S.K.: 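Sharing a structure below in structure tokens format, with a few things to ask.
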Amino acid sequence: MSVDPYKKLDIRRTQLFDFHGVSMTHYFTDNWENVQNFQARPDDILIATYPKAGTTWVSYILDLLYFGQTSPERQTSIPIIDRVPFLEKTILPVGSGVDLANNLPTSPRLIKTHLPVQFVPKSFWEQSCRVVYVARNAKDNVVSYFHFDRMTQIQPEPGDWSSYLHRFMEGKMVFGSWYDHVNGWWKKKQTYSKIHYMFFEDMVEDTGREIDKLCCFLGLSPSAEEKKQITGRVQFDNMKKNDMTNQSTNPILDFKISPFMRKGKVGDWKNHFTVAQNEEFDEDYKKKMKDLSLQFRTVI
Ligand code: PPS
């Protein structure tokens with residue numbers, strides 16, 4: 001009989017600390033040396049995001065594009081979080097993203113990270129790996145992160161919405177400042193051509209169009225029928241119903257507090273921000289987001 005290793009675990013909320021200038025928790029730094037020494041392969045695809053920007057969505061799209069036809073059983077038996085390992089996540093003694101990635105039988109390997117660009121293991125650059133970066137507007141991103149931190153038993157206590165929003169503006173979140181993250185990756189794209197920088201809002205607006213752009217970047221040419229099928233399978237309602245993508249098998253999430261597939265909308269921030277919070281946020285945003293070539297939409 002298999003024993004659920006999580007049962008033995010003392011899963012608990014933890015504290016942020018400063019890690020080389022970025023707020024982190026030990027779950028993502030415990031295995032640092034192995035993360036930094038990770039040996040990427042030239043065909044690995046790194047899916048990089050600030051948390052809650054659409055990682056699971058893009059992971060599922062890529063998994064279907066590469067393996068949807070050849071290994072259909074994968075879709076019904078392996079949760080997406082195991083198909084696309086989260087490189088820096090380490091919950092001892094359950095295991096680490098590095099081990100999961102090293103044991104992936106697939107080619108290419110799809111690997112998830114939330115690391116800011118300066119922390120990405122150097123082998124990804126040396127091997128000229130493709131990177132898909134997804135960014136989401138700050139207002140919806142912080143709302144989604146707030147609800148995620150409420151439900152996720154290894155994240156720091158989120159506290160109330162108002163204090164959470166201020167901590168987001170100060171960059172006191174796990175994986176640091178949203179502003180630094182999206183800008184850091186945007187800047188990297190100027191010198192490293194194999195980054196496809198996508199926006200959550202564009203995906204909501206026209207998923208099929210964004211899948212086309214992804215295929216172009218990846219050099220894939222699925223049939224029209226296959227593309228239509230994938231576009232349908234990755235719609236919010238379908239992913240929410242699907243136990244392999246809705247994270248219902250993830251033991252660190254408390255679904256009594258919030259679902260993982262929560263709303264999937266652009267503009268939900270309007271249900272959370274007060275007028276005063278919005279004005280303060282916009283004022284601060286202008287000061288931090290100096291590179292006007294990086295533009296986000298908060299409504300579509
Ligand atoms: S994580 O924990 O960082 O990996 O989370 P991540 O997957 O990046 O982001 C979760 C948010 O993405 C939404 N989502 C979707 N929206 C629209 N359509 C689809 N198919 C979809 N899949 C995931 C998910 O609902 C979370 O956003 P919120 O706003 O909380 O609903």
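Whatever order the structure lists ligands and atoms in, that order sets their numbers, starting from 1. All of these numbers come straight from a predicted model, not from anything done at the bench.
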S.K.: Tell me whether T49 has any N or O atom under 3.5 angstrom from an N or O of ligand 1.
M.R.: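 No, T49 has no N/O under 3.5 Å of an N/O on ligand 1.
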S.K.: Mind checking whether H147 contacts ligand 1 via backbone (N, CA, C, O), side chain (CB onward), both or neither, at a 4.0 Å heavy-atom cut-off?
M.R.: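 Answer for H147: neither.
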S.K.: How far is atom 5 (O) of ligand 1 from its nearest protein heavy atom, and which residue and atom name does that atom have?
M.R.: K52 NZ, 3.0 Å
S.K.: Which residue supplies the protein heavy atom nearest to atom 28 (P) of ligand 1, what is that atom called, and how far is it?
M.R.: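 Nearest neighbour among protein heavy atoms for atom 28 (P) of ligand 1, to 0.1 Å: S144 OG, 3.4 Å.
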S.K.: Within the 4.0 Å heavy-atom shell around M261, which atoms of ligand 1 are there?
M.R.: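 Going through ligand 1 atom by atom, the ones under 4.0 Å from M261 are 21 (C), 22 (N), 23 (C), 25 (O).
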S.K.: State, yes or no, whether a side-chain contact exists between Q277 and S162 at a heavy-atom distance under 4.5 Å.
M.R.: yes
S.K.: Heavy atom to atom 12 (O) of ligand 1, shortest distance: which of F260, W57, F200, F148 holds it?
M.R.: F200
S.K.: I need the contact type for V234 against ligand 1. Using non-hydrogen atoms and a strict under-4.0 Å cut-off, is it side chain, backbone, both or neither?
M.R.: backbone
S.K.: Tell me whether the centres of the aromatic rings in Y192 and W125 are closer together than 6.0 Å.
M.R.: yes
S.K.: Taking NZ, NE, NH1 and NH2 as the nitrogens, is one of them in E170 or R167 under 4.0 Å from a carboxylate oxygen of the other?
M.R.: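 Answer for the salt bridge query: no.
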S.K.: Is the ring pair W32/F119 parallel, tilted or perpendicular, if the boundaries are 30 and 60 degrees?
M.R.: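 Geometry flag for F119 against W32: perpendicular rings.
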S.K.: Could you tell me whether R136 approaches ligand 1 through its side chain, its backbone, both or neither, with non-hydrogen atoms closer than 4.0 Å?
M.R.: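 The answer is the side chain of R136.
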S.K.: Within a distance under 4.0 Å of any heavy atom of P51, pick out the atoms of ligand 1 and give their elements.
M.R.: 3 (O)
S.K.: Looking at ligand 1, does any of its N/O atoms fall within less than 3.5 Å of an N/O of R262?
M.R.: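 Yes, at least one N or O pair falls under 3.5 Å.
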S.K.: Among all the protein's non-hydrogen atoms, which is closest to atom 4 (O) of ligand 1, and how far away is it?
M.R.: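 Its nearest protein heavy-atom neighbour is K112 NZ, 3.1 Å.
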S.K.: Can you measure from CD (Q75) to CZ (F67) and round to the nearest 0.5 angstrom?
M.R.: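 Q75 CD to F67 CZ: 10.0 Å, rounded to 0.5 Å.
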S.K.: Under the side chain to side chain contact (heavy atoms under 4.5 Å, CB included) test against P121, which residue among L115, I111, T113, V98 passes?
M.R.: L115
S.K.: Determine, for K139 against D282, whether the closest basic-nitrogen to carboxylate-oxygen distance falls under 4.0 angstrom.
M.R.: yes
S.K.: Taking 4.0 Å as the limit for heavy-atom contacts, which would you say applies to A53 with ligand 1: side chain only, backbone only, both, or neither?
M.R.: backbone
S.K.: I need the nearest protein heavy-atom contact for atom 8 (O) of ligand 1: residue, atom name and distance, please.
M.R.: T55 OG1, 2.4 Å
S.K.: Note the single closest protein heavy atom to atom 16 (N) of ligand 1, along with its residue, its atom name and the distance in Å.
M.R.: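 Residue, atom and distance for the closest contact: G264 CA, 3.2 Å.
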S.K.: Of the side chain and backbone of H114, name the one, both, or neither that has a heavy atom under 4.0 Å from an atom of ligand 1.
M.R.: side chain
S.K.: Classify the ring geometry of W161 against Y164: parallel below 30°, tilted from 30° to 60°, perpendicular beyond 60°.
M.R.: parallel
S.K.: To check your reading of the model: name the closest protein heavy atom to atom 7 (O) of ligand 1, its residue, and the distance in Å.
M.R.: T56 OG1, 2.5 Å
S.K.: Please confirm whether the backbone N or O of T49 pairs with a side-chain atom of H114, one donor and one acceptor, at under 3.5 Å?
M.R.: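 Checked: pair present.
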S.K.: Does the gap between the ring centers of Y145 and W178 come in under 6.0 Å?
M.R.: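 No; W178 has its ring centre 6.0 Å or more from that of Y145.
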